[in-house]
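Below is one structure, written out as structure tokens; the observations come after it.
Note that the coordinates shown come from a computational prediction; the quantities given were computed from them, not determined experimentally. Here, residue 1 is the first one in the sequence, and each next residue gets the next number. Quick note: numbers below take in every heavy atom, side chains included, and nothing from hydrogens, waters or symmetry partners.
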Amino acid sequence: MAIVLGPNRYGKAETRVVRVARDGATHRLKDVNVSVSLSGAMHDVHLTGDNAAVLPTDSQKNTVFAFAKKHGIGAIEDFGLLLARHFVASQPAITHARVEIREYGWSRITGGHSFVRDGGEVRTALVHSGAEAETVVSGLTDLVVLNSTGSEFHGFAQDEYTTLEPTDDRILATAVTAQWRHRTTEAPWDDSYRAARDALLRAFAETHSLSLQQTLFQMGRRVLAERGEICEVRLSMPNKHHFLVDLEPFGLKNDDEVYFAADRPYGLIEGTVLTDDAPDAPSAWN
């Protein structure tokens, strides 16, 4: 029996960068978290400890900072592509670079230099660059949404352990994590992101839901129907359960008004919606 080295990669995770663009009295702020993973001809370092092909992770961190200064940070997809292409082009041993970026939003308070951190979702980008192809996956996480009515759940399978009662009116709430794959590496990233996010929200609000699975599909479908530059959407949606509180011990009737918001355990619904002509992207989600 032979023992061999399997797939591997290494890099610098979660380099936090805040870039202030000081355009006169009005400043612009970018707050991002960058993770780099590199792979290629790395057999020697694993098998013999020969570091000749290894670009230190500290150098990767420094590259992120230097590029933030030299090039600025615009759309995070562009910044990810810039970094990924640099590592592949500059390091002979590296054949594939993966760059994942999370962007934390800030809103201007007043004047030109005062900001408040947004409390909503986090924008994300995942870039792959290698000899075979390049892939850009945009997305978001922690987009918390709730419908106070317009959601049902009944007709489900039951067994001896089923206690859940069917309902034709319930609160539907979730924290959406969505990723959408672009057909090319050229797109109006900021406009595309805003439009895709808007499509997700409108589909959630306008779908009379018989299940969270049905809502998930309609959300992905709306993005693909409205944004031709996108070919695949992946969604992960925990069911944030809301249970009516029994107020009878206090002599009160609960007319679907007071709920307990349970944080765990929770149902987790995940799925992919794609066009039938979506190009293959074997590494896009890894």
Side-chain angles (χ1 to χ4, degrees), residues 33 35 76-77 100-105 118-126 135-158 162-182 192-227 229-244 256 259-276 278 281 284-286:
N33 199 354
S35 293
I76 55 176
E77 290 85 354
E100 184 172 11
I101 304 178
R102 297 167 65 92
E103 179 178 352
Y104 307 101
D118 291 345
E121 74 278 3
V122 174
R123 179 174 170 178
T124 63
L126 175 61
T135 305
V136 176
V137 178
S138 301
L140 53 81
T141 188
D142 294 329
L143 179 65
V144 180
V145 291
L146 181 149
N147 282 333
S148 56
T149 190
S151 175
E152 308 178 29
F153 190 59
H154 48 75
F156 47 81
Q158 300 190 39
T162 300
T163 59
L164 183 69
E165 294 292 333
T167 180
D168 58 6
D169 189 16
R170 66 172 181 170
I171 285 180
L172 182 67
T174 185
V176 180
T177 296
Q179 292 179 296
W180 48 90
R181 179 160 59 96
H182 295 270
S192 179
Y193 173 82
R194 285 189 288 266
R197 177 186 182 276
D198 181 65
L200 291 171
L201 290 176
R202 284 186 286 109
F204 178 82
E206 295 169 8
T207 299
H208 184 97
S209 179
L210 300 179
S211 67
L212 189 52
Q213 287 90 333
Q214 177 201 16
T215 299
L216 178 150
F217 178 78
Q218 292 301 323
M219 291 170 72
R221 180 178 179 275
R222 181 74 66 92
V223 172
L224 295 175
E226 297 184 2
R227 305 304 303 180
E229 75 274 18
I230 298 170
C231 62
E232 183 174 1
V233 181
R234 284 196 175 187
L235 292 154
S236 177
M237 298 168 59
N239 198 337
K240 290 185 168 292
H241 302 294
H242 288 66
F243 300 109
L244 278 171
D256 294 339
Y259 296 83
F260 167 66
D263 63 344
R264 63 196 63 188
Y266 53 85
L268 180 60
I269 312 303
E270 298 178 301
T272 302
V273 187
L274 67 165
T275 61
D276 58 7
W285 308 103
N286 299 321

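With rounding to the nearest 0.5 Å, the separation of CZ in R170 from OG in S148 is 13.5 Å. Note that CG of L140 is 10.0 Å distant from CZ of R123, once rounded to the nearest 0.5 Å. Distance CG/L274 to CD/E232: 5.0 Å, rounded to 0.5 Å.
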Worked check of salt bridge (Lys or Arg N to Asp or Glu O under 4.0 Å) between R202 and E226: CA-CA 12 Å; R202 284 186 286 109; E226 297 184 2; 2.6 Å; yes
Pair R102-E100, salt bridge (Lys or Arg N to Asp or Glu O under 4.0 Å): steps then yes or no: CA-CA 7 Å; R102 297 167 65 92; E100 184 172 11; 5.7 Å; no
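Nearest heavy-atom pair across L224 and V273 is CD1-O, 3.5 Å. Between A195 and R227 the shortest heavy-atom distance is CB-NH1, 3.5 Å. Summarising the geometry of H242 relative to A173, their closest heavy-atom pair is CE1-CB, 3.6 Å, with the distance given to 0.1 Å. Minimum interatomic distance between L212 and I269 (heavy atoms only, all atoms of both residues): CD2-CG1, 3.6 Å. Of all heavy-atom pairs between I230 and S192, the closest is CD1-OG, 4.1 Å. In terms of heavy atoms, R222 sits closest to A199 at CG-O, 3.6 Å.
Taking 4.0 Å as the cut-off between side-chain N and carboxylate O, D198 and R194 do not count as a salt-bridged pair.
Here the side chains of T149 and S151 are not in contact, with every heavy-atom distance at 4.5 Å or above. At least one side-chain heavy atom of M237 sits less than 4.5 Å from a side-chain heavy atom of M219. Side-chain atoms of T272 and V233, non-hydrogen and from C-beta on, never get closer than 4.5 Å to each other. I171 places none of its side-chain heavy atoms less than 4.5 Å from the side chain of N147. No side-chain heavy atom of L244 sits under 4.5 Å from any side-chain heavy atom of F260. Put simply, the side chain of L164 reaches to within 4.5 Å of the side chain of F156, judged on heavy atoms. You'll find the side chain of L268 stays beyond 4.5 Å of the side chain of N239, heavy atoms only. Residues L200 and W180 form a side-chain contact, since some pair of their non-hydrogen atoms from C-beta on lies under 4.5 Å apart.
Using modelled atom types, no side-chain atom of H154 and backbone atom of E152 make a donor-acceptor pair closer than 3.5 Å. Under a 3.5 Å cut-off, the side chain of S236 and the backbone N or O of E270 do not form any donor-acceptor pair. At least one donor-acceptor pair under 3.5 Å links the side chain of Q214 to the backbone N or O of L210. Listed for the H241 side chain is a donor-acceptor partner under 3.5 Å among the backbone atoms of G267.
In the model, T215 has no side-chain atom that pairs as donor or acceptor with a side-chain atom of T207 under 3.5 Å. No side-chain N or O of T124 forms a donor-acceptor pair with one of E103 less than 3.5 Å apart.
Partners of T141 according to the side chain to side chain donor-acceptor pair (under 3.5 Å) rule, which considers only residues two or more places apart in sequence or in another chain, are T177.
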